[in-house]
Each structure stands twice: as structure tokens, then as C-alpha cells.
Amino acid sequence: MPAPLSRKIGQKKQRLADSEQQQTPKERLLSTPGLRRSIYFSSPEDHSGRLGPEFFDQPAVTLARAFLGQVLVRRLADGTELRGRIVETEAYLGPEDEAAHSRGGRQTPRNRGMFMKPGTLYVYLIYGMYFCLNVSSQGAGACVLLRALEPLEGLETMRQLRNSLRKSTVGRSLKDRELCSGPSKLCQALAIDKSFDQRDLAQDDAVWLEHGPLESSSPAVVVAAARIGIGHAGEWTQKPLRFYVQGSPWVSVVDRVAEQMDQPQQTACSEGLLIVQK
DNA sequence: GGCCCGATGGGCT
DNA sequence: GCCCATCGGGCCA
């Protein structure tokens with residue numbers, strides 16, 4: 001006899017919980033009380049630098065660009081740290097932006113995070129089954145959507161988290177490129193759900209942003225392209241408010257036309273190490 | 001590779 | 001009652 005739906009959902013939730021419980025010996029070590037007491041510069045590697053509130057206090061477009069190259073960190077309940085370099089973002093500008101949830105100044109319980117101080121997370125459910133992670137920027141109702149990460153640390157845990165949420169868990173194993181190449185994929189891979197809504201990315205113990213390592217090789221060129229999945233927003237549909245690292249294999253959708261267009265606004269990521277004028 | 005389409009449920013009109 | 005800032009599987013080239 002097939003399990004009732006409610007029980008199936010319960011089993012799904014249990015699998016999620018289980019996946020957070022599964023620990024390698026190293027992860028068990030990290031989760032011992034003495035080692036998990038503080039995440040703030042408690043070990044040498046933490047000196048890489050957590051980004052504070054001032055970083056988020058800039059307009060949506062510049063923040064969306066500034067995010068590229070920075071490292072998003074998620075610390076699970078068991079102490080496991082997952083890291084991914086941000087390679088793709090979208091800016092949503094606020095009331096005038098017809099594609100934004102805050103269009104026309106709409107402020108509801110759901111989108112309250114968009115109107116809170118810069119650095120506040122706005123996490124919402126989409127299509128009944130997925131989450132999207134946004135970060136409030138300067139400007140009322142403006143925010144940045146995080147669309148793709150290059151997974152750096154904790155890839156096997158990310159794979160488990162992603163697999164536990166897929167229907168055919170017996171199917172093929174996910175490739176590294178499939179772990180975080182989309183706004184809802186990265187939420188699955190980092191175990192980010194609605195409970196993260198309205199948290200402060202500059203203060204939270206379970207999720208934060210770190211300075212990306214300074215580029216040693218060639219600086220990345222940033223492509224400005226149209227945003228994804230907003231076909232209903234009139235003139236706003238085509239505005240180049242999606243930003244991604246050109247050539248990165250971790251990006252969710254490549255826009256060849258935008259890459260070939262003359263884009264004088266294209267710049268290198270990470271704090272203007274290089275300005276590229278094509 | 002590209003295109004098509006079903007899943008799925010909270011939010012909003 | 002419709003919309004939706006998505007994803008993954010199936011199919012075809």
C-alpha cells in the first residue's frame with residue numbers, strides 16, 4: 001500500500017535531517033563544542049575576512065557586481081562549513097523595477113526583507129518547491145539575487161543535500177557543475193530555506209560572506225546580460241541587470257549575444273582590480 | 001546541445 | 001483562481 005502523501009513529505013523531511021546528521025570523522029571533530037564556539041576569527045583561516053555591514057551598503061547594481069568573486073559560507077548545525085565563490089548575480093532595483101517583488105512599492109510580509117537594512121537576506125519560495133536567496137542592498141526595496149556559485153569546499157555534502165531533494169535519488173550522481181548553477185540549486189546545496197529569511201548576512205552565525213582570495217592569475221571580465229525568467233516585465237525584461245564572470249563554467253546561463261556586444265561597462269570583478277574597456 | 005512540460009504550494013488579486 | 005526571479009527528465013537533432 002502506498003504511503004499517504006503526508007507521510008511521504010515526512011520522509012522527505014527526515015531524509016533532509018539525516019543528510020545534515022551524516023558526518024565524516026573530520027566533521028565530527030569540527031562539531032565538538034570547543035571548536036564550534038565562535039565563528040568570528042576563531043582560527044587562522046578565518047582571518048581571510050568576513051565582510052561587514054558596510055560592504056552591503058551600496059546600490060543594487062554595484063553590490064551585484066561587488067558580490068562576484070566573494071565567497072559565500074554556510075556553516076551547518078554539525079559545524080561543517082560549505083564554501084562557494086559567487087559567479088552570477090542579478091540586481092533588482094526597487095519600486096520602479098517591474099520585475100522586482102517590490103515593484104510599485106509593494107511591501108508585504110513576504111518581501112519585508114527587501115526593505116530591511118542592506119545585508120538582510122530575502123528568501124522566498126518559488127514554484128512551490130524551490131527557494132531563492134536575495135540580499136538587500138542600499139535603496140528601499142532593492143536587492144541582489146544570488147544565482148550561481150563555484151563550489152569550493154564541502155562538495156560531497158552539497159551533493160548529498162542536492163540529491164536528497166531530487167526525485168530520482170537512485171539516478172546518476174550530480175556533476176560538480178550541477179551543484180550550484182542556479183538560484184534554487186545553490187539554496188539546496190547550502191541547505192538554505194525560508195528559515196534564513198530576514199537574517200543578517202553581516203552578523204549571522206550560520207551564513208556569511210568572505211573576501212574572495214585576491215586574483216593571482218588574470219582578472220575576470222564581468223558580462224552584463226538580461227535577467228532570467230522575467231518575461232512579463234516590459235522594458236525591464238531586457239535591461240542588463242544580470243552579471244556573471246565571463247568564461248566561468250559555474251554560471252547557470254551563458255548569454256553569447258551579450259558577450260559579443262560592445263559592453264563598455266564591463267569591468268573586472270573584485271573591487272576594480274582592472275577596468276576592461278572593450 | 002535545445003526545446004518542452006509537469007511538479008507544486010505560497011502569495012496575491 | 002492564477003501566477004511564479006526553477007528544475008529535471010524526456011525527447012529529438
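Chain A is the first sequence line, chain B the second, and so forth, proteins listed ahead of strands; every chain is numbered from 1. Any value given below was found using the heavy atoms of this structure, including those in side chains, with hydrogens, waters and symmetry copies removed.
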Testing C:dC4, C:dC7, B:dT8 for proximity to the side chain of A:Ile126, the answer is C:dC4
| field | Closest to side chain of A:Tyr130, choosing from C:dC7, C:dA5, C:dC4 | value |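 In terms of side-chain proximity for A:Tyr130, the closest of C:dC7, C:dA5, C:dC4 is C:dC7.
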**Pairwise side-chain contact, A:Val61 with A:Leu93, heavy-atom cut-off 4.5 Å (strictly under)** =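 SC-SC contact between A:Val61 and A:Leu93 confirmed.
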What is the distance, rounded to the nearest whole Å, between atom [atom1] of [X] and atom [atom2] of [N]?
X        : N      : atom1 : atom2 : value
A:Met114 : B:dG11 : CE    : P     : 15 Å
A:Lys175 : C:dG9  : NZ    : C1'   : 14 Å
A:Leu133 : C:dA5  : CG    : C1'   : 12 Å
A:Gln188 : C:dT6  : CD    : P     : 13 Å
A:Glu178 : C:dG9  : CD    : C1'   : 12 Å
A:Leu241 : C:dA5  : CG    : C1'   : 12 Å
A:Leu146 : C:dT6  : CG    : C1'   : 16 Å
A:Ile230 : C:dT6  : CD1   : P     : 9 Å

Just call it for A:Ile228: base, sugar-phosphate, or nothing, with non-hydrogen atoms closer than 4.0 Å on any strand. sugar-phosphate
Q) Checking all strands, does A:Arg227 fall into the base, sugar-phosphate, or nothing category for heavy-atom contacts under 4.0 angstrom? A)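 No contact at all - A:Arg227 keeps every heavy atom at 4.0 Å or more from the nucleic acid.
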Is the aromatic ring of A:Tyr92 within stacking range of C:dA5, meaning centres under 5.5 angstrom and planes under 30 degrees? yes
For a quick test of reading the model: is some side-chain N or O of [X] closer than 4.0 Å to OP1 or OP2 of [N]?
X        : N      : answer
A:Arg106 : B:dG11 : no
A:Arg147 : C:dT6  : yes
A:Arg110 : B:dC12 : yes
A:Thr108 : B:dC12 : yes
A:Lys194 : B:dG10 : no

> For the atom pair CG (A:Leu179) and CG (A:Leu190), what is the distance rounded to the nearest 0.5 Å?
Replying inline: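 Between atom CG of A:Leu179 and atom CG of A:Leu190 there are 10.0 Å.
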Taken to the nearest 0.5 Å, the spacing of A:Cys180 SG from A:Met158 CE works out to 4.5 Å
The correct list of stems in which DNA chain B takes part (3 or more consecutive Watson-Crick or G-U pairs, distances under 3.5 Å) is B:1-7 with C:6-12, B:9-12 with C:1-4
Check: Do the ring planes of A:Phe67 and A:Phe55 sit parallel (below 30°), tilted (30 to 60°) or perpendicular (above 60°)?
Finding: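 Geometry flag for A:Phe55 against A:Phe67: perpendicular rings.
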| field | Ion pair check, A:Glu210 and A:Arg83, cut-off under 4.0 Å | value |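 Result for this pair is yes, salt bridge flagged.
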query = Less than 4.0 Å between a side-chain N and a carboxylate O, is that true for A:Glu88 and A:Arg242?
reply = yes
Sequence neighbours excluded, the answer for salt bridge (charged side-chain N to carboxylate O under 4.0 Å, His left out) partners of A:Arg199 is A:Asp204
If you count the non-hydrogen atoms of other residues, nucleotides and ligands that lie under 6.0 Å from CD in A:Glu178, is the total more than 12? yes
